[in-house]
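Data first, discussion second: the structure below is written as structure tokens.
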Amino acid sequence: MGFRKDFVWGAASSAYQVEGAADRDGKGDSIWDRYCREPGRILDGSDGSRACMHYDRYEEDVRHMAQMGLKAYRFSISWPRIYPEGTGAVNEKGLRFYSDLVDCLLAHGIEPWITLFHWDLPCALYERGGYLNPDFPGWFADYAGTVVKALSDRSTHFITFNEPQCFVGLGFLTGEHAPGLRMMLSDTFRMAHRVLLAHGRAVQSMRAAAAQPIQIGYAPTCGAAYPVGSSPEDVEAAKIGYFACPEDLSNWTWNVSWWSDPVLLGTYPEDGLRLYEPWLPHIGQDDLRLIHQPIDFYGQNIYNGTAYRAGRVPEAVRRYDGFPKTAAQWPVTPECLYWGPRFLYERYQTPIYITENGMSCHDTVSLDGKVHDPNRIDFLQRYLRELRRASEDGVDIRGYFQWSLTDNFEWARGYQERFGLIYVDFQTQERIWKDSAYWYQELIRSSGEIL
């Protein structure tokens, strides 16, 4: 059977990680611009002010996409490039860049998939309280409506938020990402609720602004769960483990259900309401109705997972010594791309796109001038076979976006991690296809048959 005939094969990026041009053509500062200026924040002392210079080289990058055969390109809009102050006057030069990018993609037969928010909150709004401000949902809805009004005559796929687990959890709970704070628990729960309200308001705003019918989705993340064996008891243990809210309050944001149940089911998970009750803001039924706007697809970023087995309670299985890992020290667990989508589809009954998946490798240009990355090809083979198996078993999987198209600025790790199909020399900005890019090209050409 394989994948469906209209399966979307794509690649992904985000604005701050690739665009550069951080202070040009009227763009305002984001919290990542400011964070990178603080000594010691970024592993290699770098920043995203140049990144891949995609702002200047997008036409070249789109030609690479077309040559690779991509059906779709998922990219994000920089909110402070559109609204330098977060609200108020629109920066027409910033909007024109994305309009030109959309035109270029369409001219090459590539479908634009637009993410409204991939972590680069305008500093001007952060200074006004950011996600804690009751006005945040309205700010985001206005911004989302502006983008959709400008681009929906040509673009039909839009995503509200990317990985709120990270931009709330890593930014305000653990302090590992911008703005690098460790807030009170009650504040982080209030932020989470405001972000979900902003999602709902934005969906309404986007539908109202759209020039034609559009598809709207949402792209959270979390490590998946998979059973250690094939017994029904282990499968059930993995499912329970996947959707359980963590008792570890120091990392509470890293879960599926708190971020997805309200959006797709209209309720917060009962175990979370019990566990987190002392720190929760008031949650009204009107709030849940707003968050639970109908969406057209469910994006999920899945990189790895944890094995579970049945016991008195579902038990996470310790990884054995020498367990395979990527260059970023993330575990290699292909099973997550079968069981993750399967469990998500059973619970939410919404079409699924894998909006990010990939691996960081120790890529380098070899003496022959090429970039050989057999470990990435092996990784993708293993993971995509599992995704195909999920599709064949009835999971409504409609597309896959490789993270990432090019090497880029990898947040707190700077340029230390290379996730791209295309190698970027950050000194010269030369692009070199890795072996995996040629493999992905053939994969797309064969509609997945080479797996």
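If you read the sequence from its start, that first residue is 1, and numbering goes on from there.
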Side-chain donor-acceptor distances from residues 176-185 under 3.5 Å, at least two apart:
unit_1, atom_1, unit_2, atom_2, d
Glu176, OE2, Thr174, OG1, 2.7
Arg182, NE, Thr174, O, 3.1

Test your reading of the model: is there a side-chain donor-acceptor pair from [X] to the backbone of [Y], 3.5 Å cut-off?
X      : Y      : result
Ser99  : Leu95  : no
Arg154 : Ala150 : yes
Arg41  : Cys36  : no
Asp153 : Ala211 : no
Thr326 : Trp330 : yes
Thr333 : Gly305 : yes
His108 : Cys104 : yes
Asp373 : Ser436 : yes
Thr428 : Glu430 : yes
Asn255 : Cys245 : no

Run the salt-bridge test on [X] and [Y] with the 4.0 Å N-O cut-off and return the result as yes or no.
X      : Y      : answer
Asp135 : Arg194 : no
Arg376 : Asp435 : no
Asp6   : Arg4   : yes
Glu392 : Arg389 : no
Glu356 : Arg74  : yes
Arg413 : Asp44  : no

Fit a plane to each ring of Phe172 and Tyr131, take the angle between them on a 0 to 90° scale, and name the class: parallel (under 30°), tilted (30 to 60°) or perpendicular (over 60°).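 Aromatic pair Phe172/Tyr131 classed perpendicular.
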Does the plane of the ring in Phe167 sit parallel, tilted or perpendicular to the ring in Phe117? Use 30° and 60° as the thresholds.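 Rings of Phe167 and Phe117: perpendicular, over 60°.
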With sequence neighbours excluded, give me every side-chain hydrogen bond (donor to acceptor under 3.5 Å, both in side chains) pair touching [range].
range            : answer
residues 205-226 : Arg207-Asp296
residues 57-70   : His54-Asp61, Arg57-Glu60, Asp61-Arg431, His64-Trp433
residues 138-152 : Tyr83-Thr146

Set of residues satisfying ring-ring contact (aromatic ring centres under 6.0 Å, His included) with respect to Phe75, sequence neighbours excluded: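 For Phe75, the residues satisfying ring-ring contact (aromatic ring centres under 6.0 Å, His included) (neighbours in sequence not counted) are Tyr73.
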Quick one: list whatever passes ring-ring contact (aromatic ring centres under 6.0 Å, His included) with Tyr298, sequence neighbours left out.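 Testing Tyr298 for ring-ring contact (aromatic ring centres under 6.0 Å, His included), a comparison that skips the adjacent residues, returns Tyr348.
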Can you establish whether the number of heavy atoms outside Arg347 located under 6.0 Å from its atom CZ is more than 12?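 Atom CZ in Arg347 is crowded, with more than 12 foreign heavy atoms closer than 6.0 Å.
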Would one find more than 12 heavy atoms of other residues, nucleotides or ligands at under 6.0 Å from atom CD of Gln416?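 Atom CD in Gln416 is packed in, count exceeds 12.
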What pairs with [X] under side chain to side chain contact (heavy atoms under 4.5 Å, CB included), at least two apart in sequence or on another chain?
X      : result
Ala390 : Tyr338, Val395, Ile397
Pro324 : Tyr320, Val332
Glu111 : Ala72, Trp113, Thr156, His157
Pro122 : Trp79, Pro80, Leu125

Using distance alone, with no hydrogens and no angle criterion, decide if [X] and [Y] have a side-chain donor and acceptor under 3.5 Å apart.
X      : Y      : value
Trp252 : Thr188 : yes
Asn408 : Thr406 : no
Thr355 : Asn301 : yes

Tell me if the centroids of the rings in Trp9 and Phe3 come within less than 6.0 Å of each other.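 Ring centroids of Trp9 and Phe3 are less than 6.0 Å from each other.
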For Phe401 and Trp403, I'd like to know if the aromatic rings sit close, meaning centre-to-centre distance below 6.0 Å.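 They do not qualify: ring centres at least 6.0 Å apart.
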side-chain hydrogen bond (donor to acceptor under 3.5 Å, both in side chains) involving Ser76 - partner list, sequence neighbours excluded: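 Residues passing side-chain hydrogen bond (donor to acceptor under 3.5 Å, both in side chains) with Ser76: none at all.
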Test side-chain contact (heavy atoms from CB on, under 4.5 Å) applied to Ile77 and Ile114, step by step: CA-CA 7 Å; Ile77 306 286; Ile114 298 170; 3.5 Å; yes
Step by step, would you call Tyr353 with Tyr400 a ring-ring contact (aromatic ring centres under 6.0 Å, His included)? CA-CA 6 Å; Tyr353 291 85; Tyr400 171 87; over 10 Å; no
Please list every donor-acceptor pair under 3.5 Å in which a side-chain atom of residues 26-33 meets a protein atom from a residue at least two apart or in another chain.
unit_1, atom_1, unit_2, atom_2, d
Lys27, NZ, Ala22, O, 3.2
Lys27, NZ, Asp33, OD2, 2.8
Asp29, OD1, Arg37, NH2, 3.0
Asp29, OD2, Arg37, NH1, 3.0
Asp29, OD2, Arg37, NH2, 3.0
Ser30, OG, Trp32, N, 3.1
Ser30, OG, Asp33, N, 3.3
Ser30, OG, Asp33, OD2, 3.2
Asp33, OD2, Ser30, N, 2.8

